[in-house]
Amino acid sequence: MDTIWADMRTGIDTSLMEKAGSILRSGGLVAFPTETVYGLGADALDPEASGKIYSAKGRPSDNPLIVHIHRLDSLGKIARHVPEQASVLAEAFWPGPLTMILDKSDQVPHSVTGGLDTVAIRMPDHPVALALIEAGGGFIAAPSANTSGRPSPTTAQHVRDDLNGKIDMIIDGGSVGIGVESTIIDLTEEPPMVLRPGFISIDMLRNVLGDVRMDPGLHGEDPSFRPKAPGMKYRHYAPKAELTIVEGSESNVRAAIDRLAREAISRGQTCGIIAADEDASSYQAGIVRSAGSRAKEITISQHLFGILREFDDLGVDVIYSESFDTPQIGAAIMNRLIKAAGHHILSV
Ligand code: AMP
Ligand code: MG
């Protein structure tokens, strides 16, 4: 199939947006920018349309999709009931990078929820996304617009690299603002439980809800706890290279990475290094990429997935990354990085 490229970097193109809406309403697939990562959208209330998402991405069918809405009163149509906590969170964080799990209504097909009786819902904070959801009928199922297992796309070009020819349209809205997927909070648990860390931190959630806990399955060290979000159990965000995270005092980390990079290069390997702006210039060996500044943590989340993709393109064999345990987004950054590393962490 020919994939239409729609450039909306400088604003919404009304006729292309109408086209995008009609593609969605007739059961097609449109990739679009959000403030977190690019999403791959289909009509969430049409089981056949959302089924196409799974085949385009190669996504396991038990991994449910997030339904995107553009107005608050849409919640009542897809949630069986809307608890007070959902209204409080929507007031505080929507539109924004927070997904809520609620009991689903009969309107939501089980193919969208991976067979579960709950549904994940989010209102994204991006003008192109909101216009597209409205044009497409108001309920757009959209996981990240990557091939399953690859790092999530933070530019329209990343989407094209993975899905060109497999979907109907790609809307280019430029680089995304946050760069890691939304925080997921499960409101069917008491107290509410974070299933995936994101830009909205657990402290921000506690400030409005009171008691909130982290899914004990997220850390992945203890196999008796499985993550509750089906998608969190897969090796995800994985680069082709072997990735090791190095943690410890800043000077120890710099010395260790420099030594490991030299050793890798002397073995004939191509070595990538992921560093903070503050340290990048201290590395003399390897392909050094600066993720961003520890003093401006969002610059790190914005660039992380793009760097992993670039290292794939460059044919890098091994990657050494600094650790980025920054105050707000650090939990999300490290969750993605640790999964990309297959839990391979070196303490120095
Ligand atoms: P993605 O949109 O690709 O970032 O993936 C959506 C994430 O939300 C995956 O990790 C899913 O497993 C998770 N998710 C979606 N719906 C549910 C649900 N009803 N219960 C738990 N997790 C969900
Ligand atoms: Mg994804």
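We count ligands from 1, going down the list as the structure has it; atoms in each ligand are counted the same way.
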Determine, for Lys52 against Glu48, whether the closest basic-nitrogen to carboxylate-oxygen distance falls under 4.0 angstrom. no
Would a distance-only check, ignoring hydrogens and angles, find a side-chain to backbone donor-acceptor pair under 3.5 Å from Glu297 to Ile329? yes
Number the atoms of ligand 1 from 1 as they appear, then name those within less than 4.0 Å of a heavy atom of Pro230, with their elements. 12 (O), 21 (C), 22 (N)
Does at least one non-hydrogen atom of Thr113 fall below 4.0 angstrom from an atom of ligand 1? no
Within the structure, does Ala229 bring an N/O atom to less than 3.5 angstrom of an N/O atom in ligand 1? no
Do any nitrogen or oxygen atoms of Leu116 come within less than 3.5 Å of a nitrogen or oxygen of ligand 1? no
Please could you name the atoms of ligand 1 that Ile66 approaches to less than 4.0 Å, counting only its heavy atoms? 2 (O), 6 (C)
Determine yes or no for a side-chain-to-main-chain donor-acceptor pair under 3.5 angstrom, with Thr299 supplying the side chain and Ser293 the backbone. yes
Flag Ser148 as yes if one of its N/O/S atoms falls below 2.8 Å of the Mg ion (ligand 2), otherwise no. no
So salt bridge (Lys or Arg N to Asp or Glu O under 4.0 Å) across residues 16-42, not counting sequence neighbours, yields Glu35-Arg122
Does Lys104 come within less than 4.0 angstrom of ligand 1, counting non-hydrogen atoms of the residue? no
Does the N or O separation between Lys228 and ligand 1 drop below 3.5 Å for any pair? no
Numbered atoms and elements of ligand 1 in range of Ile184, under 4.0 angstrom, heavy atoms: 7 (C), 8 (O), 13 (C)
Does a donor on one side chain sit under 3.5 Å from an acceptor on the other, for Asp186 and Thr188? yes
Residue Ala120 vicinity, atoms of ligand 1 by number, heavy atom under 4.0 Å: 15 (C), 16 (N), 17 (C)
Output yes when the distance from some N or O of ligand 1 to some N or O of Lys57 is under 3.5 Å, and no in every other case. no
Checking Asp162 side chain against Thr147 main chain: does a donor-acceptor pair fall under 3.5 Å? yes
Kindly identify the option in Arg59, Met232, Arg122 whose heavy atom sits closest to atom 6 (C) of ligand 1. Arg59
Within 4.0 Å of some non-hydrogen atom of Thr118, the atoms of ligand 1 are 18 (C), 19 (N), 20 (N)
Look at atom 20 (N) of ligand 1 and find which of Thr188, Ile101, Leu40 reaches it with the closest heavy atom. Ile101
Taking non-hydrogen atoms only, is Thr99 closer than 4.0 angstrom to ligand 1 via side chain, backbone, both or neither? neither
Would you mind listing the cluster partners of Val288? Hydrophobic ones only (ILVMFWY), side-chain contacts under 4.5 Å, chaining allowed. Val246, Val253, Ile257, Leu260, Ile273, Tyr283, Val318, Tyr320, Leu346, Val348
Of Pro64, Ser152, Gly198, the one whose closest heavy atom lies nearest atom 14 (N) of ligand 1 is Pro64
Salt bridge present between Glu189 and Lys228 (N-O < 4.0 angstrom): yes
Using a strict 4.0 Å cut-off to heavy atoms of Leu195, name the atoms of ligand 1 that fall inside it. 21 (C)
